[in-house]
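Values below: all heavy atoms of this structure, side chains included; hydrogens, waters and symmetry mates excluded. Each chain gets a letter, A, B and so on, in the order the sequences are listed, and its residues count up from 1.
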There are 2 protein chains.
Amino acid sequence: MKEKVTNVTIKMLANQLGLSISTVSKAISDSHEISAATKQRVNDLVEKLNYKPNPYASSLRTRNSKTIGVVLPEVADSFFAQAINGIESVAEEKGYHVLIYLSHESFEREEQIIKDFESGRVDGVLISVAKETEQHKHIDTLLEKKIPLVFFDRVIDEVATTKIITDDYEAAYTATEHLIKQGYKQVLFLSFSQTLSISCKRLEGYKKSLYDNTIKFSSGNVLRFSNDAKKDYSNLLRKLTSLKKGIGVLASVEKLALPLYQACEELQLRIPQDVGLISFSNLDSAAFLHPPLTTITQPAFEMGKAAAAFLVKALERKNFELADEEIVIPSVMIVRKSTL
Amino acid sequence: MKEKVTNVTIKMLANQLGLSISTVSKAISDSHEISAATKQRVNDLVEKLNYKPNPYASSLRTRNSKTIGVVLPEVADSFFAQAINGIESVAEEKGYHVLIYLSHESFEREEQIIKDFESGRVDGVLISVAKETEQHKHIDTLLEKKIPLVFFDRVIDEVATTKIITDDYEAAYTATEHLIKQGYKQVLFLSFSQTLSISCKRLEGYKKSLYDNTIKFSSGNVLRFSNDAKKDYSNLLRKLTSLKKGIGVLASVEKLALPLYQACEELQLRIPQDVGLISFSNLDSAAFLHPPLTTITQPAFEMGKAAAAFLVKALERKNFELADEEIVIPSVMIVRKSTL
DNA sequence: TTTATTTACGAAACCGGTTTCGTACAGGAC
DNA sequence: GTCCTGTACGAAACCGGTTTCGTAAATAAA
């Protein structure tokens with residue numbers, strides 16, 4: 001590590017201008033206390049010397065950092081990639097910096113990240129919780145410190161703050177309904193988690209649709225995915241072979257769709273004739289899969305954007321606190337050939 | 001914005017323990033000057049009061065922030081998503097924080113981001129430059145301030161620092177070679193940029209392969225993509241209709257592959273019979289496209305990881321400076337049905 | 001002309017850590 | 001007993017901004 005070049009400080013500006021430090025500081029922040037002429041002189045020198053205020057000195061004094069922390073389970077998923085874009089779009093516009101952390105679906109890791117935030121490193125937090133997360137003490141503690149936090153997509157219902165979600169229940173209902181209408185009498189539900197709010201709601205929507213179609217729910221039709229991709233895959237193979245053809249499958253998250261394509265290929269099952277597939281997915285390539293995948297596409301960009309917008313509003317508006325509310329941005333179903 | 005809860009400070013610890021601030025500070029950093037007994041008392045209280053040192057105070061004094069800035073052109077591309085994972089893996093291990101910025105392929109935006117870094121906000125920088133970037137004064141200025149920077153994938157050759165790249169020339173050569181071997185006598189090159197180093201190298205590899213196969217290069221076979229997706233697409237349609245069947249296409253970046261699938265569908269051209277396609281791509285779904293896409297897959301995770309590892313080494317090792325060298329991590333070609 | 005304001009600026013405290021330097025005291029060497 | 005050394009700690013400077021408060025001079029009000 002080389003020693004840094006010493007940056008130009010506000011003190012140097014003051015000395016060169018024959019002004020006090022406080023005057024320079026106020027001039028830079030365009031305070032009404034300072035005359036136009038002085039402001040001009042200061043800004044000229046700022047320009048000339050390429051002065052960049054030390055953000056850490058400023059953050060220390062003002063107790064805010066213009067930085068938001070974003071906690072994601074992972075970033076491979078195209079949902080989160082798009083969400084980052086949405087977040088960045090408002091951060092950029094509002095002059096915020098974005099710190100990114102990945103929990104890798106681990107509660108422990110998520111907890112560490114959130115605990116670090118208690119230090120005041122970030123002004124506010126956006127989070128989509130880890131698959132493993134089943135409690136929320138870490139988040140409560142953060143909120144007690146008055147650090148605003150908004151959830152997006154993977155929320156914790158019990159925490160009283162703003163949550164940006166999509167219509168998981170309705171989307172899953174619609175998806176299941178679609179499969180049934182297409183003639184798949186038996187519908188498998190590929191479950192990502194048994195505890196995550198989104199998973200539960202999607203499962204409920206699925207169940208309700210079965211009920212409305214007088215199909216009795218069987219827990220045997222819910223296939224749970226763990227973190228062990230290999231084991232999951234062999235479970236999937238076993239399940240598929242045990243069933244007769246003509247079943248529908250609802251993949252509750254994007255990452256479960258491709259394994260199904262693979263399994264069908266391996267078992268020589270035809271999509272959509274033998275297996276109908278619909279998946280929650282934001283894959284751009286969905287339309288070009290073999291066959292094209294029917295998807296429930298979430299408004300990922302908009303969700304990220306909305307989450308960031310709420311957070312920034314909470315940070316900047318004195319009389320605005322994050323209400324305990326759900327903002328629902330609906331998903332859309334795009335029917336393609338994987339479901340007839 | 002609500003006023004923050006006042007955090008526990010090192011001063012409070014000192015008062016409660018009847019010690020001086022400096023003693024507490026040293027105890028926390030496990031200084032040899034402090035007795036084991038005192039350290040114990042201090043750490044007990046730290047634990048009890050849940051003391052979190054203010055990172056900004058620390059950064060101000062020590063002049064480093066344990067933060068690295070990552071500048072990406074975009075994050076929709078799965079290459080960059082995977083690269084982020086690689087970067088995060090070393091950041092997490094080494095205790096660094098990751099600030100993410102998107103240039104959206106704009107030079108101006110990239111310049112602003114880099115200029116902000118002159119403030120000392122980050123200890124070091126990882127960057128994959130924007131498509132528009134054709135000069136490097138902004139980066140030179142940063143390097144003059146002794147802020148280490150390493151490029152990955154989209155590098156600027158003229159800047160004397162470490163660059164993590166893949167074997168663009170060879171990969172494009174191999175890809176073209178493959179198309180020709182498969183019987184495609186005419187090969188289109190879908191170009192993403194005329195200035196980006198990776199694009200130039202890939203084009204060179206393509207040309208060399210043509211040359212080695214005694215096919216004369218025609219600039220008419222290089223199709224340039226702008227930022228105007230619609231116009232690009234209609235250009236692509238026009239080009240494809242103007243050619244006879246049996247042409248090979250090398251898409252030099254991932255985002256150019258799907259439009260080709262779409263165009264072929266629209267023009268009722270069959271892949272691979274009428275059009276053979278190979279693309280630089282890190283899409284997980286490549287194997288399940290219709291037909292499965294032959295790809296040049298870049299080691300995105302490893303590249304991000306290597307870039308971060310070099311940067312951290314430069315930050316932590318006193319006698320290590322980032323050499324002006326290229327670290328090449330080879331890509332692999334995965335042959336699938338889109339090229340026979 | 002006197003008093004009240006306003007304008008424009010400076011001194012100094014402050015944010016919360018880190019680091020330098022000084023020192024009291026204990027123990028060992030001579 | 002004197003000198004030296006090492007141990008364990010504290011006072012204070014420092015990082016580079018922001019903010020409060022005070023004040024001299026200029027202007028307005030009475």
Task: Base dA11(C) to side chain Ser22(A), donor-acceptor N/O within 3.5 Å cut-off - done: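 In this structure, the two groups form a donor-acceptor pair.
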TODO: State whether the distance check finds a donor on one side and an acceptor on the other, under 3.5 Å, for side chain Lys52(A) versus base dG16(D).
DONE: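 No, the side chain and the base share no sub-3.5 Å donor-acceptor pair.
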Within the structure shown, what part of the strands sits under 4.0 Å from [X] by heavy-atom distance: base, sugar-phosphate, or nothing?
X         : result
Ser59(B)  : nothing
Ser29(B)  : nothing
Gly120(B) : nothing

[atom1] of [X] versus [atom2] of [N]: gap in Å, rounded?
X        : N       : atom1 : atom2 : answer
Ile21(A) : dC9(C)  : CD1   : P     : 16 Å
Arg63(A) : dC14(C) : CZ    : P     : 13 Å
Tyr56(A) : dT18(D) : OH    : P     : 15 Å
Ile28(B) : dG16(C) : CD1   : C1'   : 11 Å
Lys26(B) : dG10(D) : NZ    : P     : 9 Å
Leu60(B) : dC14(C) : CG    : C1'   : 12 Å
Leu13(B) : dT18(C) : CG    : C1'   : 15 Å
His32(B) : dT7(D)  : NE2   : C1'   : 10 Å

Which of the following nucleotides, [options], is nearest to the side chain of [X]?
X        : options                   : answer
Ser25(A) : dG16(D), dA8(C), dT18(D)  : dT18(D)
Glu33(B) : dC21(C), dC9(C), dT18(C)  : dC21(C)
Thr23(A) : dC9(D), dG10(C), dA13(C)  : dG10(C)
Leu19(B) : dG10(D), dG17(D), dC15(D) : dG10(D)

TODO: Indicate whether the side chain of Lys145(B) and that of Asn7(A) have a donor and an acceptor atom separated by less than 3.5 Å.
DONE: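 Asn7(A) and Lys145(B) do have a side-chain donor-acceptor pair below 3.5 Å.
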Open item on the list: Using a 6.0 Å cut-off, check whether atom NZ of Lys305(A) has over 12 heavy atoms from anything other than its own residue.
Closed with: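 Result for NZ/Lys305(A): open.
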Open item on the list: For Lys313(B), is there any backbone N or O sitting under 3.5 Å from a side-chain donor or acceptor partner on Lys94(B)?
Closed with: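 No, because the side chain of Lys94(B) does not come within donor-acceptor range (under 3.5 Å) of the backbone of Lys313(B).
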TODO: Taking Tyr56(A) for its side chain and Arg121(B) for its backbone only, find out whether a donor-acceptor pair lies under 3.5 Å.
DONE: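 The answer is yes, because a donor-acceptor pair under 3.5 Å joins these two groups.
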- [ ] Locate the shortest heavy-atom distance separating Val90(B) from Ala309(B); write the atom from each residue and the value.
- [x]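 What the structure gives for the nearest pair is CG2-N, 4.0 Å.
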May I ask you to verify if any side-chain N or O of [X] is less than 4.0 angstrom from the OP1 or OP2 atom of [N]?
X        : N       : answer
Tyr51(A) : dG17(D) : yes
Ser20(B) : dG10(D) : yes
Thr62(B) : dC15(D) : no
Thr9(B)  : dG16(C) : no

- [ ] Between Lys39(B) and Ser58(A), name the one whose nearest nucleotide on DNA chain D is closer to the 5' end.
- [x]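 Nearer the 5' end of the strand: Lys39(B).
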Open item on the list: Using heavy-atom distances to pick each residue's nearest nucleotide on DNA chain D, tell me which of Arg61(B) and Val8(A) is more 5'.
Closed with: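 Counting from the 5' end, the first nearest nucleotide belongs to Arg61(B).
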Open item on the list: Can you tell me how the ring of His97(B) sits relative to the ring of Tyr101(A), calling it parallel under 30°, perpendicular over 60° and tilted otherwise?
Closed with: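 Aromatic pair His97(B)/Tyr101(A) classed perpendicular.
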